[in-house]
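Taking it in order: structure first as structure tokens, then the write-up.
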Amino acid sequence: MDRPPDHIPDPRAELRVLRERALRGPSERATEAQHAKGKLTARERIELLLDAGSFSEVEQLRRHRATGFGLEAKKPYTDGVVTGWGTVEGRTVFVYAHDFRIFGGALGEAHATKIHKIMDMAIAAGAPLVSLNDGAGARIQEGVSALAGYGGIFQRNTRASGVIPQISVMLGPCAGGAAYSPALTDFVFMVRETSQMFITGPDVVKAVTGEEITQNGLGGADVHAETSGVAHFAYDDEETCIAEVRYLLSMLPQNNRELPPAFPPDDSPDRATPALVDLVPADTVRAYDVRAVIEELVDDREHMEVHGGWAANLVCTLARLDGRVVGIVANQPSVMAGVLDIDASEKGARFVQMCDAFNIPIVTLVDVPGFLPGVGQEHDGVIRRGAKLLYAYCNATVPRISLILRKAYGGAYIVMDSQSIGADLTYAWPTNEIAVMGAEGAANVIFRRQIADAPDPEAERRQKIKEYKAELMHPYYAVERGLVDDVIDPADTRRVLVRGLAMLRAKHAELPARKHGNPPQ
């Protein structure tokens, strides 16, 4: 047994020596090697994440019991993972952090058991769980016991889903089955250059397909933040990344039985928003950045965009209105004209589900010309996958307010939280156009024969477009039929949203009794 020399008679002195060994880690050389890669140690990361002096460690002196392949001669304390709890802005948060200096952060039986325990504690206590991932996968020397450890993590990730916030912070490699745990959590953060995620690495890819690619090219932060959608956030360094994790935690409740934290706002809830009149062009084909609209509406112009680099034609972001957290879903006319496609639908569905799980009201800003047409979209399952966003909205019981900024055409209008699928309040600006399709396309379909037979087809087409707009697309058509609650002045938008959300704060809605739904996949 690795104990202090016999000349230390005081049990308390012995304990201090053991703790010092556990805190110090394997060696100064290992720590220097970690720093040389631009990476912090597990304990340094925990210090950045949690309030100073708040960390309470669990099973610090745990060691593995495996034998063979030289393991019996190497039994470091912690077994390569630091687990415990502390506070972030005074609220309890559970954490585990892989220590890459010990077995490369690889997961063995004891290592996994420590993680299982802290996950069980987080679920029981009803507090968020943050994993600081920097591990080389399963500990090969322990064989199937290590793989079974991953199974226990996945099972707990699933049991905790929608119960407590789960945040995965990728700070090093994450390969093979290990990558499925972050995929099961609510949010994934990555650091550029130092973190990678993939099921099969570059060597295997080359052996099987002949393709040559680097680790970052295959599964780096930007790949997952912009191409695959696996990562919600990507940052240049660990310090910034972990600071943003703290900020995200300030927007989330402790668990699904609580509301997100609220603070008295410095920004007046009655502040007028006249700038919105100029931010959104009346011409429905002119682009603008909907993030400028969001910044004009929310407290102090601050919001935290989720999946900002992926499916950018839909913006999903967390912000505060009158000091209370809201989730905002908005079409982005500056990217692909704001159409809905497969990726945007899946992005929006995931965000809506997260907001609903954690009692975050949803505000939807609508300016959508429809779903993206194309053979690729249809063959890749836009019906099945686009329905995910529809299902998520229909299933959500949190307060929901929808605002049509400019246009809302076709099935995309219905999907973007229209009144017909359960929005609690629906508003529109005076420039809104709600229709089955744009006037040009509608006129070409409805008046095809008249246009073809006219002496001047182009003049006739323009006239029919004008007639269609006047009859079915004027701003008050939907409100006259009860499909919109009110048409509002853009300058009053913030005030209207704040008052609507205040009224809905006591909303109580229940879904039919069932084990669970069967959403489109």
Side-chain angles (χ1 to χ4, degrees), residues 186-187 229 232 248 251-252 260 280 288-298 303-321 324-372 385-409 411-429 432 493-494 497 500-501 504 519:
D186 299 301
F187 298 97
H232 299 76
L248 175 61
M251 310 282 275
L252 301 174
V280 179
Y288 64 93
D289 189 343
V290 78
R291 289 173 297 187
V293 175
I294 293 169
E295 289 167 6
E296 186 67 22
L297 291 173
V298 302
H303 65 104
M304 187 174 195
E305 188 172 354
V306 179
H307 268 145
W310 178 61
N313 44 319
L314 190 75
V315 172
C316 298
T317 192
L318 293 169
R320 283 190 169 84
L321 278 169
R324 298 179 182 272
V325 178
V326 296
I328 298 175
V329 180
N331 304 111
Q332 176 58 291
S334 67
V335 180
M336 299 167 58
V339 296
L340 287 178
D341 63 353
I342 287 171
D343 287 347
S345 297
E346 294 191 332
K347 169 181 173 177
R350 177 73 168 172
F351 184 76
V352 168
Q353 287 172 176
M354 183 279 299
C355 289
D356 188 48
F358 295 117
N359 307 312
I360 299 173
I362 301 167
V363 173
T364 304
L365 305 180
V366 185
D367 190 350
V368 62
F371 277 91
L372 180 66
R385 297 161 75 182
K388 294 181 182 182
L389 180 56
L390 177 60
Y391 186 99
Y393 269 126
C394 290
N395 204 47
T397 60
V398 291
R400 290 153 52 190
I401 299 179
S402 178
L403 170 65
I404 299 164
L405 303 182
R406 199 165 58 168
K407 60 184 178 297
Y409 295 158
Y413 152 63
I414 300 296
V415 170
M416 289 295 294
D417 206 19
S418 62
Q419 188 178 101
S420 60
I421 67 168
D424 297 296
L425 291 170
T426 53
Y427 298 106
W429 285 353
N432 82 84
T493 303
R494 174 177 163 86
L497 292 177
L501 290 168
L504 291 167

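Note that the numbering runs from 1 along the sequence shown for the chain. Fair warning: this is a prediction, and the values are worked out from it, not measured in the lab.
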Mind checking what makes side chain to side chain contact (heavy atoms under 4.5 Å, CB included) contact with [X], not counting sequence neighbours?
X    : answer
V306 : F187, H232, F233, F351
L504 : P399, I401, D424, L425
S345 : L340, F371, L389
R324 : A262, R505

Residue pairs fulfilling salt bridge (Lys or Arg N to Asp or Glu O under 4.0 Å) with at least one residue in [range], sequence neighbours excluded:
range            : answer
residues 326-336 : none
residues 396-405 : R400-D417
residues 388-399 : E346-K388

If the condition is side-chain hydrogen bond (donor to acceptor under 3.5 Å, both in side chains), which residues does [X] pass it with, not counting sequence neighbours?
X    : value
Y413 : none
R291 : D289
S402 : none
K407 : D367

_Using the rule given for side-chain contact (heavy atoms from CB on, under 4.5 Å), can you reason through E296 versus R494, listing the C-alpha separation, both sets of side-chain angles and the distance that settles it, and then say yes or no?_
CA-CA 8 Å; E296 186 67 22; R494 174 177 163 86; over 6 Å; no
Taking all non-hydrogen atoms of both residues, which atom of [X] and which atom of [Y] are closest, and how far apart?
X    : Y    : result
C355 : V398 : O-CG1, 4.0 Å
Y393 : V415 : CD1-O, 3.1 Å
S420 : I414 : OG-CD1, 3.7 Å

*Side chain K347, main chain C316, donor-acceptor under 3.5 Å*: no
_Heavy-atom donor-acceptor pair, Q332 side chain to V290 backbone, under 3.5 Å_ = yes
*Verdict with reasoning, L403 to V366, per side-chain contact (heavy atoms from CB on, under 4.5 Å)*: CA-CA 6 Å; L403 170 65; V366 185; over 6 Å; no
*Out of I328, L321, V326, which one pairs with L497 under the side-chain contact (heavy atoms from CB on, under 4.5 Å) rule?*
L321
*Given T317 and V298, is the side-chain contact (heavy atoms from CB on, under 4.5 Å) satisfied, shown in steps?*
CA-CA 11 Å; T317 192; V298 302; over 6 Å; no
*asked:* If the condition is ring-ring contact (aromatic ring centres under 6.0 Å, His included), which residues does W429 pass it with, not counting sequence neighbours?
replied: none
*Heavy-atom distance under 4.5 Å between the side chains of V325 and F358, does that happen here?*
no
*Distance-only polar pair, side chains of D341 and N313, donor-acceptor under 3.5 Å*: yes
